[in-house]
Amino acid sequence: MTVNIGIMFSYRHAFHAGNHADVLKHTVLLAILRHLLQKEAALMVLDTHAGAGLYRLDGDYAATSGEAGHGYLQLIAALKSVVAEGLAPALKDYIELVASFNSKDSHKVYPGSPFIIQRLLRERDKLKVFEIHPTDAKTLSANIAQLEAGRQVAVLREDGFEGLKKFLPPPARRALVLCDPSYEIKTDYARVVATVADALTRFATGTYAIWYPIIPRPEAHDVPRKLKTLADKAGKPWLNASLTVKSSKLTSDEAGEVIRPGLPASGMFIINPPHTLKAALQPALAQMAKILGQDQNAAFALESGG
Ligand code: SAM
């Protein structure tokens with residue numbers, strides 16, 4: 001397949017690091033890994049859209065967007081008020097993991113998915129990360145090199161949708177695939193579904209975690225719907241976790257200029273989820289919606305099947 005990568009180079013995850021979508025995605029990712037790593041057998045983790053790996057929350061990108069202020073940093077600010085009711089274990093785990101990348105009470109660094117994953121891996125586990133943006137791939141390689149993880153982590157500067165294929169099925173027959181595109185190119189929506197369909201034919205027992213935006217676009221609505229159909233047809237269980245922080249409606253300012261709401265909601269669709277995942281996420285998602293909610297539309301949903 002020929003891939004037109006020309007227009008995606010404007011997406012930089014550094015603007016979005018630590019936002020509400022990252023809170024959802026990384027809490028779910030962590031909860032999945034905790035479960036999968038309880039088994040002795042080696043695990044291969046494949047991160048098809050890795051980003052730069054580490055982000056500065058006090059840097060120019062994050063400061064410009066202020067998105068972490070409505071995500072991870074807002075959770076931190078709310079900690080005192082939720083202590084009384086108790087933090088949900090999966091959310092506590094996530095906050096502590098992110099905090100472990102920082103010195104005490106400083107929240108300057110936010111770890112992306114490759115670093116969250118690598119932090120948990122055992123010597124026998126492997127991580128393959130794909131990143132196609134030249135600058136982010138270079139930063140990612142440099143950040144990963146600092147870990148001195150040797151052959152445990154491989155950075156592949158190539159298309160993650162295509163690159164995934166050569167690693168499935170994994171030698172040890174245990175794998176987690178995180179698929180987290182930027183969806184900047186409209187074809188990403190269809191490619192996600194095609195990639196998961198292909199991956200299930202190669203390795204039906206793998207755990208697949210797919211992040212998707214919930215926005216008023218038909219192709220975005222299609223992602224969870226089509227993934228459900230794929231999982232059902234393959235006879236595999238699935239879990240769909242979503243977090244809404246605000247209305248998706250356009251508003252206007254005093255001058256009549258249209259104000260776009262930014263990302264109002266997102267979801268994580270998991271095929272072959274750990275059987276403990278739904279129960280672990282329920283209280284964590286409820287707290288996320290409560291703390292990160294920006295208007296009366298704030299909500300979460302957890303739906304499962306198979
Ligand atoms: N997974 C990361 C995390 O959780 O920290 C964030 C990834 S970000 C949402 C998506 C990344 O995918 C961007 O850095 C973008 O450059 C990269 N990308 C876009 N298309 C790609 C492709 N076809 N293959 C690999 N990487 C791609």
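The analysis underlying the following values was restricted to heavy atoms, covering all of them including side chains, and did not include hydrogens, waters or symmetry mates. Just so you know, ligand 1 is whichever comes first in the structure, and atom 1 is the first atom listed for that ligand. Computed from a predicted model, the values in this text were never measured in an experiment.
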Ignoring hydrogens and geometry, is there a side-chain-to-backbone donor-acceptor pair from Ser106 to Asn102 under 3.5 Å?
-> no
[X]: numbered ligand 1 atoms lying under 4.0 Å from its heavy atoms:
X	result
His133	16 (O)
Lys25	4 (O)
Gly112	5 (O)
Asp136	14 (O)
Gly160	22 (C), 24 (N), 25 (C)
Asp180	1 (N), 2 (C), 3 (C), 4 (O), 6 (C), 7 (C), 8 (S), 9 (C), 10 (C)
Asp159	22 (C), 23 (N), 24 (N)

[X]: heavy atom below 4.0 Å from ligand 1, yes or no?
X	result
Thr48	yes
Glu158	yes
His26	yes

Minimal heavy-atom distance between Val192 and Cys179, with the atoms involved, is CG2-SG, 4.3 Å
Hey, which of Leu281, Asn240, Leu243, Leu178 is the one that makes side-chain contact (heavy atoms from CB on, under 4.5 Å) with Met268?
-> Leu178
From [X] [atom1] over to [Y] [atom2], what is the distance, rounded to the nearest 0.5 angstrom?
X	Y	atom1	atom2	value
Leu200	Thr205	CG	OG1	9.5 Å
Ile132	Arg157	CD1	CZ	12.0 Å
Lys249	Ser247	NZ	OG	5.0 Å

Less than 3.5 Å between some nitrogen or oxygen of [X] and one of ligand 1, yes or no?
X	answer
His49	yes
Glu131	yes
Ser113	yes
Arg191	no

Determine the sole option in His20, His107, Glu67 for which the side-chain hydrogen bond (donor to acceptor under 3.5 Å, both in side chains) test with Tyr72 is passed.
-> His107
Take the angle between the ring planes of Tyr183 and Trp211 and call it parallel below 30°, perpendicular above 60°, tilted in between.
-> tilted
Fit a plane to each ring of Phe269 and Trp238, take the angle between them on a 0 to 90° scale, and name the class: parallel (under 30°), tilted (30 to 60°) or perpendicular (over 60°).
-> parallel
Around atom NZ of Lys165, are there more than 12 heavy atoms of other residues, nucleotides or ligands at under 6.0 Å?
-> yes
Give the contacting part of Ala17 toward ligand 1: side chain, backbone, both or neither, where contact means a heavy-atom distance below 4.0 Å.
-> neither
